[in-house]
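Worksheet: one structure, shown below.
So that the names make sense, note that chain A is the first sequence line, chain B the second, and so on, each numbered from 1. When reading the values below, keep in mind they use all heavy atoms of this one structure, side chains included, and skip hydrogens, waters and symmetry mates.
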Protein chains: 2
Amino acid sequence: MELQEAKDKFIHTWGTLATQWGINRTMSQIHALLLLAPEALNADQIMAELQISRGNVNMNLRDLMSWGLIFKQLLPGERKEYFVAEKDIWKVARQIAKERRRREIEPIKGTMEEIQNELVPDTEEKKEVLKIIQEISQVTNFADSTVDSLLKSKESWLISSFLKLFNH
Amino acid sequence: MELQEAKDKFIHTWGTLATQWGINRTMSQIHALLLLAPEALNADQIMAELQISRGNVNMNLRDLMSWGLIFKQLLPGERKEYFVAEKDIWKVARQIAKERRRREIEPIKGTMEEIQNELVPDTEEKKEVLKIIQEISQVTNFADSTVDSLLKSKESWLISSFLKLFNH
DNA sequence: TTGAATTTTCAAAATATTCTGAAAGTATTT
DNA sequence: AAATACTTTCAGAATATTTTGAAAATTCAA
(Lines give C-alpha, C1' and ligand atoms only; values in the text may rest on other atoms or scores of the structure.)
Protein backbone atom coordinates (compact mmCIF):
# COMPACT_ATOMS: atom_id res chain seq x y z
CA MET A 1 0.00 0.00 0.00
CA GLU A 2 1.27 3.45 -0.80
CA LEU A 3 1.31 6.38 1.61
CA GLN A 4 -1.38 8.34 -0.19
CA GLU A 5 -3.64 5.31 -0.39
CA ALA A 6 -3.28 4.64 3.33
CA LYS A 7 -4.02 8.27 4.15
CA ASP A 8 -7.07 8.33 1.90
CA LYS A 9 -8.38 5.11 3.37
CA PHE A 10 -7.96 6.44 6.87
CA ILE A 11 -9.59 9.78 6.11
CA HIS A 12 -12.51 8.09 4.42
CA THR A 13 -13.08 5.56 7.21
CA TRP A 14 -12.85 8.25 9.84
CA GLY A 15 -15.43 10.34 8.00
CA THR A 16 -17.84 7.43 7.64
CA LEU A 17 -17.55 6.50 11.29
CA ALA A 18 -18.21 10.07 12.32
CA THR A 19 -21.43 10.20 10.32
CA GLN A 20 -22.74 7.23 12.28
CA TRP A 21 -21.92 9.05 15.50
CA GLY A 22 -23.81 12.19 14.57
CA ILE A 23 -20.71 14.15 13.69
CA ASN A 24 -20.35 15.98 10.42
CA ARG A 25 -18.40 14.02 7.84
CA THR A 26 -16.29 16.93 6.62
CA MET A 27 -15.34 17.90 10.15
CA SER A 28 -13.88 14.47 10.81
CA GLN A 29 -12.17 14.31 7.45
CA ILE A 30 -10.41 17.58 8.15
CA HIS A 31 -9.50 16.24 11.57
CA ALA A 32 -8.13 13.02 10.06
CA LEU A 33 -6.18 14.98 7.44
CA LEU A 34 -4.57 17.15 10.11
CA LEU A 35 -3.85 14.16 12.34
CA LEU A 36 -1.83 12.59 9.55
CA ALA A 37 -0.24 15.78 8.23
CA PRO A 38 3.44 16.07 9.14
CA GLU A 39 3.14 19.86 9.34
CA ALA A 40 0.46 22.52 9.78
CA LEU A 41 -1.93 23.14 6.85
CA ASN A 42 -3.80 26.24 5.74
CA ALA A 43 -7.33 26.58 4.39
CA ASP A 44 -6.24 26.46 0.74
CA GLN A 45 -4.34 23.25 1.25
CA ILE A 46 -7.31 21.62 2.97
CA MET A 47 -9.65 22.83 0.21
CA ALA A 48 -7.39 21.29 -2.41
CA GLU A 49 -6.78 18.06 -0.54
CA LEU A 50 -10.42 17.28 0.29
CA GLN A 51 -11.99 19.05 -2.70
CA ILE A 52 -14.33 21.20 -0.65
CA SER A 53 -15.28 24.86 -0.59
CA ARG A 54 -13.63 27.62 1.42
CA GLY A 55 -16.75 28.25 3.48
CA ASN A 56 -17.02 24.63 4.42
CA VAL A 57 -13.37 24.46 5.47
CA ASN A 58 -13.65 27.60 7.53
CA MET A 59 -16.80 26.46 9.34
CA ASN A 60 -15.43 23.07 10.23
CA LEU A 61 -12.04 24.39 11.31
CA ARG A 62 -13.84 26.61 13.78
CA ASP A 63 -15.93 23.67 15.01
CA LEU A 64 -12.81 21.58 15.49
CA MET A 65 -11.20 24.38 17.47
CA SER A 66 -14.28 24.67 19.69
CA TRP A 67 -13.95 20.94 20.38
CA GLY A 68 -10.31 21.53 21.34
CA LEU A 69 -9.11 19.04 18.73
CA ILE A 70 -7.05 21.40 16.56
CA PHE A 71 -5.16 24.65 17.07
CA LYS A 72 -4.36 27.70 15.03
CA GLN A 73 -0.70 28.16 14.32
CA LEU A 74 0.69 31.44 13.07
CA LEU A 75 3.85 30.94 11.07
CA PRO A 76 6.37 33.80 11.06
CA GLY A 77 6.31 35.74 7.81
CA GLU A 78 3.01 34.13 6.74
CA ARG A 79 -0.33 35.88 6.64
CA LYS A 80 -2.37 32.74 6.20
CA GLU A 81 -3.52 30.88 9.27
CA TYR A 82 -2.21 27.35 9.68
CA PHE A 83 -3.79 24.52 11.67
CA VAL A 84 -2.38 21.56 13.56
CA ALA A 85 -4.21 18.68 15.25
CA GLU A 86 -3.60 17.58 18.80
CA LYS A 87 -1.64 14.39 18.12
CA ASP A 88 -1.72 12.76 21.52
CA ILE A 89 -4.58 10.36 20.91
CA TRP A 90 -5.35 9.97 24.61
CA LYS A 91 -5.83 13.70 24.83
CA VAL A 92 -8.02 13.54 21.74
CA ALA A 93 -10.20 10.82 23.24
CA ARG A 94 -10.42 12.72 26.51
CA GLN A 95 -11.36 15.90 24.73
CA ILE A 96 -14.09 14.22 22.68
CA ALA A 97 -15.53 12.49 25.75
CA LYS A 98 -15.46 15.74 27.71
CA GLU A 99 -17.22 17.68 24.97
CA ARG A 100 -19.87 15.08 24.28
CA ARG A 101 -20.64 14.84 27.95
CA ARG A 102 -21.00 18.59 28.22
CA ARG A 103 -23.18 18.86 25.14
CA GLU A 104 -25.28 15.70 25.46
CA ILE A 105 -25.21 13.89 28.78
CA GLU A 106 -25.72 16.95 30.93
CA PRO A 107 -28.93 18.08 29.19
CA ILE A 108 -30.54 14.65 29.52
CA LYS A 109 -29.57 14.50 33.19
CA GLY A 110 -31.40 17.79 33.60
CA THR A 111 -34.64 16.50 32.09
CA MET A 112 -34.52 13.32 34.13
CA GLU A 113 -34.04 15.28 37.34
CA GLU A 114 -36.84 17.65 36.45
CA ILE A 115 -39.29 14.79 35.95
CA GLN A 116 -38.13 13.05 39.13
CA ASN A 117 -38.64 16.23 41.13
CA GLU A 118 -42.00 17.20 39.74
CA LEU A 119 -43.91 14.00 39.05
CA VAL A 120 -45.77 12.96 42.19
CA PRO A 121 -46.06 9.14 42.44
CA ASP A 122 -49.71 9.03 43.46
CA THR A 123 -50.78 6.27 41.05
CA GLU A 124 -49.36 2.89 40.18
CA GLU A 125 -48.56 3.96 36.61
CA LYS A 126 -46.75 7.10 37.76
CA LYS A 127 -44.69 4.94 40.10
CA GLU A 128 -43.76 2.66 37.21
CA VAL A 129 -42.72 5.58 35.01
CA LEU A 130 -40.63 7.06 37.79
CA LYS A 131 -38.96 3.71 38.34
CA ILE A 132 -37.84 3.51 34.70
CA ILE A 133 -36.65 7.10 34.77
CA GLN A 134 -34.72 6.53 37.97
CA GLU A 135 -33.03 3.50 36.50
CA ILE A 136 -32.07 5.44 33.39
CA SER A 137 -30.64 8.15 35.63
CA GLN A 138 -28.60 5.54 37.41
CA VAL A 139 -27.16 4.11 34.21
CA THR A 140 -26.47 7.58 32.86
CA ASN A 141 -24.76 8.68 36.05
CA PHE A 142 -22.78 5.48 36.11
CA ALA A 143 -21.58 5.90 32.52
CA ASP A 144 -20.83 9.52 33.17
CA SER A 145 -18.85 9.02 36.36
CA THR A 146 -17.00 6.05 34.89
CA VAL A 147 -15.83 8.07 31.92
CA ASP A 148 -14.97 10.84 34.31
CA SER A 149 -12.90 8.54 36.51
CA LEU A 150 -11.09 6.98 33.61
CA LEU A 151 -10.25 10.34 32.12
CA LYS A 152 -9.08 11.65 35.44
CA SER A 153 -6.91 8.63 36.11
CA LYS A 154 -5.36 8.90 32.64
CA GLU A 155 -4.75 12.59 33.28
CA SER A 156 -3.09 11.94 36.59
CA TRP A 157 -1.09 9.17 35.01
CA LEU A 158 0.15 11.63 32.40
CA ILE A 159 0.94 14.24 35.01
CA SER A 160 2.86 11.76 37.13
CA SER A 161 4.87 10.58 34.12
CA PHE A 162 5.62 14.21 33.43
CA LEU A 163 6.71 14.89 37.00
CA LYS A 164 8.95 11.85 36.93
CA LEU A 165 10.89 13.42 34.09
CA PHE A 166 12.03 16.11 36.50
CA ASN A 167 13.11 13.66 39.14
CA HIS A 168 15.84 12.19 37.00
CA MET B 1 -46.46 17.65 36.52
CA GLU B 2 -49.03 15.29 35.09
CA LEU B 3 -48.30 11.77 33.86
CA GLN B 4 -48.85 12.55 30.19
CA GLU B 5 -46.63 15.62 30.39
CA ALA B 6 -43.83 13.62 31.99
CA LYS B 7 -44.12 10.90 29.38
CA ASP B 8 -44.13 13.41 26.52
CA LYS B 9 -41.12 15.21 27.94
CA PHE B 10 -39.21 11.97 28.30
CA ILE B 11 -40.11 10.74 24.79
CA HIS B 12 -39.13 14.07 23.29
CA THR B 13 -35.80 14.31 25.14
CA TRP B 14 -34.95 10.72 24.27
CA GLY B 15 -35.66 11.41 20.59
CA THR B 16 -33.50 14.53 20.57
CA LEU B 17 -30.60 12.81 22.26
CA ALA B 18 -30.80 9.97 19.79
CA THR B 19 -30.51 12.33 16.84
CA GLN B 20 -27.23 13.64 18.21
CA TRP B 21 -25.97 10.09 18.44
CA GLY B 22 -26.79 9.24 14.86
CA ILE B 23 -29.90 7.25 15.70
CA ASN B 24 -33.21 7.87 14.01
CA ARG B 25 -35.50 10.08 16.06
CA THR B 26 -38.64 8.05 15.51
CA MET B 27 -36.89 4.84 16.45
CA SER B 28 -35.94 6.24 19.85
CA GLN B 29 -39.33 7.78 20.39
CA ILE B 30 -41.00 4.43 19.82
CA HIS B 31 -38.46 2.90 22.16
CA ALA B 32 -39.18 5.52 24.81
CA LEU B 33 -42.94 5.05 24.40
CA LEU B 34 -42.63 1.29 24.87
CA LEU B 35 -40.28 1.71 27.83
CA LEU B 36 -42.90 3.74 29.63
CA ALA B 37 -45.94 1.78 28.48
CA PRO B 38 -47.42 -0.37 31.25
CA GLU B 39 -48.45 -3.00 28.70
CA ALA B 40 -47.63 -4.11 25.16
CA LEU B 41 -48.72 -1.81 22.29
CA ASN B 42 -49.67 -2.56 18.69
CA ALA B 43 -48.83 -0.63 15.53
CA ASP B 44 -52.10 1.32 15.53
CA GLN B 45 -51.60 2.50 19.08
CA ILE B 46 -48.08 3.67 18.30
CA MET B 47 -49.27 5.44 15.14
CA ALA B 48 -51.94 7.27 17.14
CA GLU B 49 -49.67 8.10 20.07
CA LEU B 50 -46.76 9.50 18.06
CA GLN B 51 -48.77 10.71 15.05
CA ILE B 52 -46.72 8.87 12.47
CA SER B 53 -47.49 6.65 9.49
CA ARG B 54 -47.91 2.91 9.49
CA GLY B 55 -44.89 2.38 7.27
CA ASN B 56 -42.69 4.39 9.58
CA VAL B 57 -43.88 2.47 12.64
CA ASN B 58 -43.33 -0.86 10.95
CA MET B 59 -39.83 -0.03 9.79
CA ASN B 60 -38.68 1.25 13.15
CA LEU B 61 -40.25 -1.61 15.09
CA ARG B 62 -38.21 -3.99 12.98
CA ASP B 63 -35.07 -1.94 13.56
CA LEU B 64 -35.67 -1.96 17.31
CA MET B 65 -36.11 -5.72 17.23
CA SER B 66 -32.85 -6.12 15.31
CA TRP B 67 -31.17 -4.09 18.08
CA GLY B 68 -32.68 -6.47 20.63
CA LEU B 69 -34.38 -3.59 22.43
CA ILE B 70 -37.99 -4.68 21.95
CA PHE B 71 -39.85 -7.95 21.42
CA LYS B 72 -42.93 -9.11 19.61
CA GLN B 73 -45.67 -10.36 21.87
CA LEU B 74 -48.58 -12.36 20.55
CA LEU B 75 -51.63 -11.96 22.74
CA PRO B 76 -54.11 -14.86 22.82
CA GLY B 77 -57.25 -14.14 20.86
CA GLU B 78 -55.61 -11.13 19.13
CA ARG B 79 -54.55 -11.05 15.52
CA LYS B 80 -52.52 -7.86 15.82
CA GLU B 81 -48.88 -8.06 16.86
CA TYR B 82 -47.99 -6.37 20.13
CA PHE B 83 -44.59 -5.06 21.21
CA VAL B 84 -42.87 -4.72 24.57
CA ALA B 85 -39.55 -3.09 25.43
CA GLU B 86 -36.82 -4.74 27.46
CA LYS B 87 -37.27 -2.87 30.73
CA ASP B 88 -34.08 -3.82 32.55
CA ILE B 89 -32.12 -0.68 31.78
CA TRP B 90 -28.77 -2.34 32.39
CA LYS B 91 -29.65 -4.90 29.76
CA VAL B 92 -30.71 -2.09 27.45
CA ALA B 93 -27.39 -0.29 27.90
CA ARG B 94 -25.49 -3.52 27.37
CA GLN B 95 -27.49 -4.29 24.25
CA ILE B 96 -26.90 -0.85 22.77
CA ALA B 97 -23.18 -1.02 23.51
CA LYS B 98 -22.98 -4.49 21.98
CA GLU B 99 -24.78 -3.47 18.80
CA ARG B 100 -22.84 -0.25 18.32
CA ARG B 101 -19.60 -2.09 18.77
CA ARG B 102 -20.61 -4.69 16.23
CA ARG B 103 -21.77 -2.12 13.70
CA GLU B 104 -19.21 0.63 14.23
CA ILE B 105 -16.12 -0.26 16.22
CA GLU B 106 -15.40 -3.52 14.43
CA PRO B 107 -15.32 -2.02 10.93
CA ILE B 108 -12.88 0.71 11.97
CA LYS B 109 -10.67 -1.87 13.69
CA GLY B 110 -10.61 -3.72 10.39
CA THR B 111 -9.42 -0.72 8.42
CA MET B 112 -6.77 0.11 11.00
CA GLU B 113 -5.42 -3.43 10.90
CA GLU B 114 -5.42 -3.46 7.14
CA ILE B 115 -3.32 -0.30 6.98
CA GLN B 116 -0.98 -1.56 9.70
CA ASN B 117 -0.44 -4.80 7.83
CA GLU B 118 0.05 -3.36 4.39
CA LEU B 119 1.81 -0.03 4.78
CA VAL B 120 5.57 -0.62 4.84
CA PRO B 121 7.34 1.92 7.08
CA ASP B 122 10.18 2.70 4.70
CA THR B 123 10.05 6.49 5.02
CA GLU B 124 9.87 8.84 7.96
CA GLU B 125 6.40 10.04 7.01
CA LYS B 126 5.04 6.51 6.69
CA LYS B 127 6.42 5.76 10.15
CA GLU B 128 4.61 8.80 11.54
CA VAL B 129 1.32 7.80 9.94
CA LEU B 130 1.64 4.28 11.28
CA LYS B 131 2.37 5.63 14.74
CA ILE B 132 -0.86 7.65 14.79
CA ILE B 133 -2.84 4.71 13.48
CA GLN B 134 -1.36 2.38 16.08
CA GLU B 135 -2.24 4.80 18.85
CA ILE B 136 -5.81 5.08 17.60
CA SER B 137 -6.03 1.30 17.60
CA GLN B 138 -4.83 1.26 21.18
CA VAL B 139 -7.38 3.79 22.36
CA THR B 140 -10.16 2.07 20.44
CA ASN B 141 -9.29 -1.31 21.91
CA PHE B 142 -9.06 0.19 25.37
CA ALA B 143 -12.43 1.91 25.12
CA ASP B 144 -13.96 -1.17 23.61
CA SER B 145 -12.78 -3.59 26.24
CA THR B 146 -13.52 -1.16 29.06
CA VAL B 147 -17.12 -0.71 27.99
CA ASP B 148 -17.38 -4.42 27.54
CA SER B 149 -16.16 -5.38 30.96
CA LEU B 150 -18.04 -2.57 32.69
CA LEU B 151 -21.35 -3.57 31.18
CA LYS B 152 -20.93 -7.27 31.75
CA SER B 153 -22.66 -7.20 35.06
CA LYS B 154 -24.61 -5.05 37.40
CA GLU B 155 -21.76 -5.45 39.83
CA SER B 156 -19.91 -2.87 37.80
CA TRP B 157 -22.00 -0.37 39.68
CA LEU B 158 -19.86 -1.28 42.70
CA ILE B 159 -16.69 -0.70 40.73
CA SER B 160 -17.75 2.80 39.90
CA SER B 161 -18.47 3.62 43.53
CA PHE B 162 -15.10 2.13 44.20
CA LEU B 163 -13.34 4.26 41.60
CA LYS B 164 -14.99 7.36 42.98
CA LEU B 165 -13.40 6.68 46.34
CA PHE B 166 -10.00 7.06 44.79
CA ASN B 167 -10.76 10.24 42.99
CA HIS B 168 -11.68 12.19 46.11
C1' DT C 1 -5.03 55.98 5.04
C1' DT C 2 -5.45 52.70 1.09
C1' DG C 3 -5.68 48.41 -0.90
C1' DA C 4 -4.43 43.72 -1.25
C1' DA C 5 -4.67 39.38 1.29
C1' DT C 6 -7.26 36.67 4.06
C1' DT C 7 -11.18 35.14 6.84
C1' DT C 8 -16.03 35.02 7.86
C1' DT C 9 -20.86 34.99 6.88
C1' DC C 10 -25.07 33.40 5.06
C1' DA C 11 -28.78 32.76 1.50
C1' DA C 12 -29.55 29.64 -1.84
C1' DA C 13 -28.44 25.07 -3.93
C1' DA C 14 -27.22 20.42 -3.43
C1' DT C 15 -27.44 16.32 -0.99
C1' DA C 16 -28.93 13.02 2.42
C1' DT C 17 -32.28 11.21 5.36
C1' DT C 18 -36.71 10.21 6.91
C1' DC C 19 -41.60 9.63 6.30
C1' DT C 20 -45.87 8.72 3.95
C1' DG C 21 -49.45 6.04 2.08
C1' DA C 22 -51.24 3.17 -1.14
C1' DA C 23 -50.43 -1.22 -3.22
C1' DA C 24 -48.71 -5.77 -2.70
C1' DG C 25 -48.01 -9.53 0.29
C1' DT C 26 -49.35 -12.86 4.07
C1' DA C 27 -52.01 -15.07 7.33
C1' DT C 28 -56.41 -16.30 9.32
C1' DT C 29 -61.27 -16.93 9.45
C1' DT C 30 -65.61 -18.05 7.49
C1' DA D 1 -61.75 -20.15 -2.11
C1' DA D 2 -63.21 -15.81 -0.89
C1' DA D 3 -63.31 -12.32 2.32
C1' DT D 4 -61.15 -10.07 6.05
C1' DA D 5 -57.39 -8.54 9.06
C1' DC D 6 -53.15 -7.36 9.34
C1' DT D 7 -48.05 -6.56 7.88
C1' DT D 8 -44.55 -5.23 4.69
C1' DT D 9 -42.60 -2.75 0.91
C1' DC D 10 -40.98 1.07 -1.59
C1' DA D 11 -41.33 5.14 -4.90
C1' DG D 12 -42.06 9.61 -4.35
C1' DA D 13 -42.76 13.59 -1.06
C1' DA D 14 -41.30 16.02 2.80
C1' DT D 15 -37.82 17.42 5.80
C1' DA D 16 -33.25 18.13 7.56
C1' DT D 17 -28.49 18.75 6.91
C1' DT D 18 -24.54 20.08 4.52
C1' DT D 19 -22.11 22.65 1.07
C1' DT D 20 -21.20 26.30 -2.00
C1' DG D 21 -19.51 30.69 -3.39
C1' DA D 22 -19.81 35.40 -3.69
C1' DA D 23 -20.19 39.44 -0.82
C1' DA D 24 -19.00 41.57 3.52
C1' DA D 25 -15.82 42.02 7.14
C1' DT D 26 -11.33 41.95 8.93
C1' DT D 27 -6.38 42.18 9.06
C1' DC D 28 -2.07 43.81 7.87
C1' DA D 29 1.68 45.93 5.04
C1' DA D 30 3.05 49.80 2.69
Any non-hydrogen side-chain atom of [X] less than 4.5 Å from a side-chain atom of [Y]?
X: A:W14; Y: A:H31; answer: yes
X: B:R100; Y: B:W67; answer: yes
X: B:V84; Y: B:I70; answer: no

Please report, rounded to the nearest Å, how far the [atom2] atom of [N] is from the [atom1] atom of [X].
X: B:L50; N: C:dT20; atom1: CG; atom2: C1'; answer: 15 Å
X: A:K80; N: C:dA4; atom1: NZ; atom2: P; answer: 16 Å
X: B:K72; N: D:dT7; atom1: NZ; atom2: C1'; answer: 8 Å
X: A:E81; N: D:dT27; atom1: CD; atom2: P; answer: 10 Å
X: A:M47; N: C:dT6; atom1: CE; atom2: P; answer: 13 Å
X: A:D44; N: D:dG21; atom1: CG; atom2: P; answer: 14 Å
X: A:I46; N: D:dT19; atom1: CD1; atom2: C1'; answer: 16 Å
X: B:Q45; N: D:dT7; atom1: CD; atom2: P; answer: 11 Å

Rounded distance [0.5 Å steps], [atom1] in [X] versus [atom2] in [Y]:
X: A:E99; Y: A:I23; atom1: CD; atom2: CD1; result: 10.5 Å
X: B:M65; Y: B:F83; atom1: CE; atom2: CZ; result: 4.5 Å
X: B:Q20; Y: A:I108; atom1: CD; atom2: CD1; result: 9.5 Å

Just do the salt bridge (charged side-chain N to carboxylate O under 4.0 Å, His left out) check on A:E114 and B:K9 with the steps written out, would you? CA-CA 10 Å; A:E114 188 190 342; B:K9 192 165 268 178; 2.7 Å; yes
Given side chain to side chain contact (heavy atoms under 4.5 Å, CB included), test A:L74 with A:E81 step by step and report yes or no. CA-CA 6 Å; A:L74 294 173; A:E81 292 172 337; 4.0 Å; yes
Show the distances under 3.5 angstrom between N or O atoms of the protein and N or O atoms of nucleotides 22-29 of chain C.
{"unit_1": "C:dA27", "atom_1": "N3", "unit_2": "B:R79", "atom_2": "NH2", "d": "3.4"}

Please work out which residues in residues 57-65 of chain B have a non-hydrogen atom less than 4.0 Å from an atom of DNA chain D and list them by number. B:N58, B:R62
Please compare A:N42 and B:M27 by the position of their nearest nucleotide in DNA chain C and report the one closer to 5'.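 Its nearest nucleotide being more 5', the pick is A:N42.
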Can you tell me if B:N58 and B:R54 form a side-chain donor-acceptor pair at under 3.5 Å? no
Could B:E49 and B:K7 be called an ion pair, given the rule that one side-chain N must be under 4.0 Å from one carboxylate O?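 The answer is no: the pair does not qualify as a salt bridge.
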Take B:L130 and B:K127 through the test side chain to side chain contact (heavy atoms under 4.5 Å, CB included) and record every step on the way to the result. CA-CA 5 Å; B:L130 275 172; B:K127 278 183 198 159; 5.8 Å; no
May I ask you to verify if any side-chain N or O of A:T26 is less than 4.0 angstrom from the OP1 or OP2 atom of D:dT18?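 So the side chain of A:T26 is outside the cut-off, no N or O lying under 4.0 Å from OP1 or OP2 of D:dT18.
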Polar pairs (N or O, both sides) under 3.5 Å between protein and nucleotides 12-17 of chain D?
none

